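Accompanying notes for the structure given below.
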Number of protein chains: 4
Amino acid sequence: MNQSNPSELLTTRRDRRIERQRRQIMDAAAQVFAEKGYAATTTKDIALAADVGESTLYNYFENKRDILLGIAAYQEARLDKVFQQAVTMETRQQMVDVFVAVMDIVLSQSHYIRALIGEAWVNDEILNNHLVVRLSQISDFLQNFIAKRVASGAFRPVDARLGARMVIAEFIGAILPALRGVEPQPDPRQRRELAEGIIALWIDGVNNGNFR
Amino acid sequence: MNQSNPSELLTTRRDRRIERQRRQIMDAAAQVFAEKGYAATTTKDIALAADVGESTLYNYFENKRDILLGIAAYQEARLDKVFQQAVTMETRQQMVDVFVAVMDIVLSQSHYIRALIGEAWVNDEILNNHLVVRLSQISDFLQNFIAKRVASGAFRPVDARLGARMVIAEFIGAILPALRGVEPQPDPRQRRELAEGIIALWIDGVNNGNFR
Amino acid sequence: MNQSNPSELLTTRRDRRIERQRRQIMDAAAQVFAEKGYAATTTKDIALAADVGESTLYNYFENKRDILLGIAAYQEARLDKVFQQAVTMETRQQMVDVFVAVMDIVLSQSHYIRALIGEAWVNDEILNNHLVVRLSQISDFLQNFIAKRVASGAFRPVDARLGARMVIAEFIGAILPALRGVEPQPDPRQRRELAEGIIALWIDGVNNGNFR
Amino acid sequence: MNQSNPSELLTTRRDRRIERQRRQIMDAAAQVFAEKGYAATTTKDIALAADVGESTLYNYFENKRDILLGIAAYQEARLDKVFQQAVTMETRQQMVDVFVAVMDIVLSQSHYIRALIGEAWVNDEILNNHLVVRLSQISDFLQNFIAKRVASGAFRPVDARLGARMVIAEFIGAILPALRGVEPQPDPRQRRELAEGIIALWIDGVNNGNFR
DNA sequence: AATGAATGAGTTTTCATTCAT
DNA sequence: AATGAATGAAAACTCATTCAT
């Protein structure tokens, strides 16, 4: 690591400082957006949460909306990484592992996700560019996962599309209370149990064989 | 001008007119709240949608928030009626019927529900008094429904609480895209198929007996 | 004046009230714009001068710029009327009359003109749409006026374009000090003398016949 | 590193560098002031145009206004030089020469002048200290020039004050379009023709002897 | 009962200036 | 000397609410 070019180093250092500050602001903003929603959050709220002057925000973001978009963009990178590991999923146990992994990620940055979901509820741009895109990927993967097992006879001839949507719904249903803050975040053991319970229900249903 | 009981009649007529106007305003407001969210909606938006002057709103509601609360209260009455019929649910077919009935109600007043969900996402008062209350009732009923069948041996020994939450999640997952407006509302036949598919999955799972 | 349609009357009255208020704001704004320039004038300045709340401005104009454009548009109507009488100009005496008439108009609404000139100095839109347009009309008329007299032998073979520009320059040079406020506005007698002096100089020059 | 007189030399070199930088900033600022006007120009605009950091401006000027005053002061020096040669003006030809000389100077630094005129329009300090002062000198000189020729019988008995103001107005009217940027700057030949035309008109008028 | 108009209290955003490096 | 970053003060503009009619 012989640093022959000092100016390059300086630039890097400066860039890192800027990036750190940007992230700190996004972090504070995501927190407030999550609690009050984007529209009800004032730049003053954000500045207070980020512990900077209100005008300082504008050294890092064009405007308030740009902070939201920054949050959304930053989020993408982190989420995309996780979904890649889903590809290896084969056995019931691996499904549980992936489930837990995604839950970990989502809950570890819950205020980012909560902020985005809240805005996506009223904002088509955020919805389509940041949530629908991602959910479609997941849904496609799951549909394929189901269809293959239906073909092999491992699964009953269920509608792959509906099946995929239901897993997603169950997953969301499982974490939503914690995301929204009505329930505390589950600890690691609870997460695994939750995941196992959901997967078991999804695979085997509730029926003992004689309910009709 | 034959008024057998002028004062009583007038009051009644007047009350009805007032109530009609209130409802018209709530309807218009719910529409706008659903689209833009409560915080981003201005009283001007509401007045325009309701086709009245902005200050006229204040003859029917204390303030902007009061319109939201009015919407929430109005909603309760309508929803409560539906849930009562759920009590009779016994067979798989009856489950489907209830499912469809609730779906019909929810989708028929989708902008009310959409408005409330949006606000509940950031507003604990709305969340607790209007959504959690209702979902708890449903969850309690479902847990009991499941527990009884587990006890009778009709269902496998599943966690009743988790089972209940999963039905709810699946139901919500099924109608959310239409509620949010990313998908068109399903027609009656599609609703029944959807309900049947979900119930079938929930009861029997995807497993063909040999997936582990 | 049998007013058979009361609603029409009401509308008219209301419209008149709105128009009066708009004009009052434009008047106050023109005053401040003239003194400080558009950019240095705050909406607070305007509101104070118009004796209304700052937010009231926005009931009558979209934004600050719109007030300026309102002033410009309002100005057009008044100026255009004057220039029409110029067409009759034939004799030296009539030239003086027109000169005085235009001077009267311009000085009677000096703060409007001063505001516009100030902004036209830095704003191409205002310059082209409101000053150049008008000056071109005048210049065209004058060029024609000169060309005809050159053709008839009444004038020496001067360049009509230059001649026209020079009358305009002389006129502006005559009123500019009063417009800008460095000199008091000339009284009617002074205006006539000024007009006569300028026309005389323009027609006959300074030469006594032997300066070369 | 042979410095015969290190401290003196350094100071001098340093002073020159400082002066060069000041001038560069004033030049950039004048350019932007000319285009947008002083009030609408931000320090960021100036810094960008001068290609320095925003805070660097404050090493050379007290504040934004000080830059404007610097421009005004710098301008004086350059203009004063020119007016001195006017004293020699005697013949018609010499008048044209002076006219052209002043036109050259003014147009060569048009953005300085344009910036100052723009600000003088709304700022009495700039107007009086920088424009009126100068124009008064010129006017005085011209009045004297005219009065002498009226006394000698070379000129008709015109009002010297009005005559002076008219030459000035004609000069300004001739270069204003180029100054403001609505017309391209005239090339040297055009300048001479313009000057000759104006002087001719001023001296001999348009009359062919029989217009009244 | 309906509403046009006015506005105070904020909200977002801008910008000249300072300061630490 | 140069400047990136921070910011107080103020700008333009918004909006829920009131009030007179």
Side-chain angles (χ1 to χ4, degrees), chain A residues 10-11 13-15 17-18 21-22 25 39-47 50-67, chain B residues 14 17-18 21-22 25 39-47 50-67, chain C residues 10-11 13-15 17-18 21-22 25 39-47 50-67, chain D residues 14 17-18 21-22 25 39-47 50-67:
Chain A
L10 272 172
T11 312
R13 215 176 255 154
R14 201 179 141 253
D15 284 358
R17 188 156 32 103
I18 290 178
Q21 181 73 304
R22 266 182 71 92
I25 290 172
T41 298
T42 68
T43 49
K44 194 180 178 186
D45 290 333
I46 301 172
D51 196 31
V52 296
E54 220 173 324
S55 44
T56 302
L57 300 178
Y58 292 86
N59 290 336
Y60 296 91
F61 297 91
E62 286 279 309
N63 50 40
K64 187 183 153 191
R65 170 141 299 260
D66 197 36
I67 302 181
Chain B
R14 199 171 151 261
R17 201 182 26 182
I18 289 178
Q21 181 74 302
R22 267 182 69 90
I25 290 172
T41 299
T42 68
T43 48
K44 194 180 176 187
D45 291 333
I46 301 171
D51 196 31
V52 296
E54 215 175 327
S55 41
T56 303
L57 300 178
Y58 291 85
N59 291 330
Y60 296 92
F61 297 91
E62 286 279 308
N63 50 39
K64 186 183 155 191
R65 170 140 299 259
D66 198 37
I67 302 181
Chain C
L10 272 172
T11 311
R13 217 177 255 154
R14 200 180 141 250
D15 284 358
R17 189 156 30 103
I18 289 178
Q21 180 74 302
R22 267 182 70 91
I25 290 172
T41 298
T42 68
T43 49
K44 194 180 178 185
D45 291 332
I46 301 171
D51 196 31
V52 294
E54 217 174 324
S55 44
T56 302
L57 300 178
Y58 292 87
N59 290 335
Y60 296 92
F61 297 91
E62 287 278 309
N63 49 42
K64 187 183 152 190
R65 170 139 300 258
D66 197 36
I67 302 180
Chain D
R14 198 169 152 262
R17 201 181 29 182
I18 289 178
Q21 181 73 304
R22 266 183 70 90
I25 290 172
T41 298
T42 69
T43 48
K44 193 180 177 185
D45 291 333
I46 301 172
D51 197 30
V52 296
E54 216 174 328
S55 42
T56 303
L57 301 177
Y58 292 85
N59 291 330
Y60 296 92
F61 298 91
E62 286 280 309
N63 49 41
K64 186 182 155 191
R65 170 139 299 259
D66 198 36
I67 302 180

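The structure displayed is predicted, hence computed values, not measured ones.
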query: Does DNA chain E take part in any stems of at least 3 consecutive Watson-Crick or G-U pairs (both distances under 3.5 Å), and if so, which ones?
result: E:2-21 with F:2-21
Closest heavy-atom pair and its distance - B/Arg22, B/Tyr60: NH1-O, 2.9 Å
field: Distance, nearest 0.5 Å, that separates CD1 of C/Ile46 from CD1 of C/Ile67
entry: 4.0 Å
- request: Would you classify A/Ile18 as touching base, sugar-phosphate or nothing, given that sugar-phosphate means primed atoms plus P, OP1 and OP2, and contacts are heavy atoms under 4.0 Å?
  value: sugar-phosphate
message: Considering every strand and a 4.0 Å limit on heavy-atom distances, what is the contact class for C/Thr42: base, sugar-phosphate, or nothing?
response: sugar-phosphate
query: Which whole-number value in Å describes the distance from C/Ile67 CD1 to F/dA11 P?
result: 15 Å
field: Inter- and intrachain pairs under salt bridge (charged side-chain N to carboxylate O under 4.0 Å, His left out), touching residues 56-66 of chain A, at least two apart
entry: A/Arg65-A/Glu119
task: Could you verify whether a donor N or O on one side chain and an acceptor N or O on the other, from C/Thr42 and C/Asp45, lie under 3.5 Å apart?
output: yes
- request: Please find the earliest and latest nucleotides of DNA chain E, in the 5' to 3' direction, that have an atom within less than 4.0 Å of any heavy atom of chain C.
  value: E/dG4 to E/dG8
query: Shortest non-hydrogen contact from C/Ala39 to D/Ala39?
result: CB-CB, 3.7 Å
query: Please give, in whole Å, the distance from F/dA12 P to C/Asp66 CG?
result: 14 Å
Atom of D/Lys44, atom of D/Glu54 and distance for their closest heavy-atom approach: N-OE2, 3.6 Å
query: Nearest 0.5 Å, what's the OH-CD1 distance between C/Tyr58 and C/Ile25?
result: 11.0 Å
field: Touch class at under 4.0 angstrom, heavy-atom based, for B/Tyr60 against every strand present
entry: sugar-phosphate
- line: Between NZ of C/Lys44 and P of F/dA9 the distance, given in whole Å, is 14 Å
query: To the nearest angstrom, how far is C/Glu62 atom CD from F/dA12 atom P?
result: 16 Å
Closest-nucleotide ordering on DNA chain E, the 5'-leading residue of A/Thr41 and C/Arg17: C/Arg17
query: Starting at the 5' end of DNA chain E and moving along, which residue's nearest nucleotide shows up first, A/Thr56 or C/Thr56?
result: C/Thr56
- prompt: Contact class for A/Gln21 (heavy atom, under 4.0 Å): base, sugar-phosphate, or nothing?
  reply: sugar-phosphate
field: Between F/dC15 (P) and B/Tyr58 (OH): distance, integer Å
entry: 12 Å
Whole angstrom value for the distance that separates C1' of F/dA11 from CG of C/Asp45: 11 Å
query: Under a 4.5 Å cut-off applied to non-hydrogen side-chain atoms, are B/Val52 and B/Gln21 in contact?
result: yes
statement: To the nearest angstrom, the CZ-C1' distance between C/Arg65 and F/dC13 comes to 16 Å
message: For A/Leu57 and D/Gly53, find the nucleotide of DNA chain F closest to each by heavy atoms; which residue's nucleotide sits nearer the 5' end?
response: D/Gly53
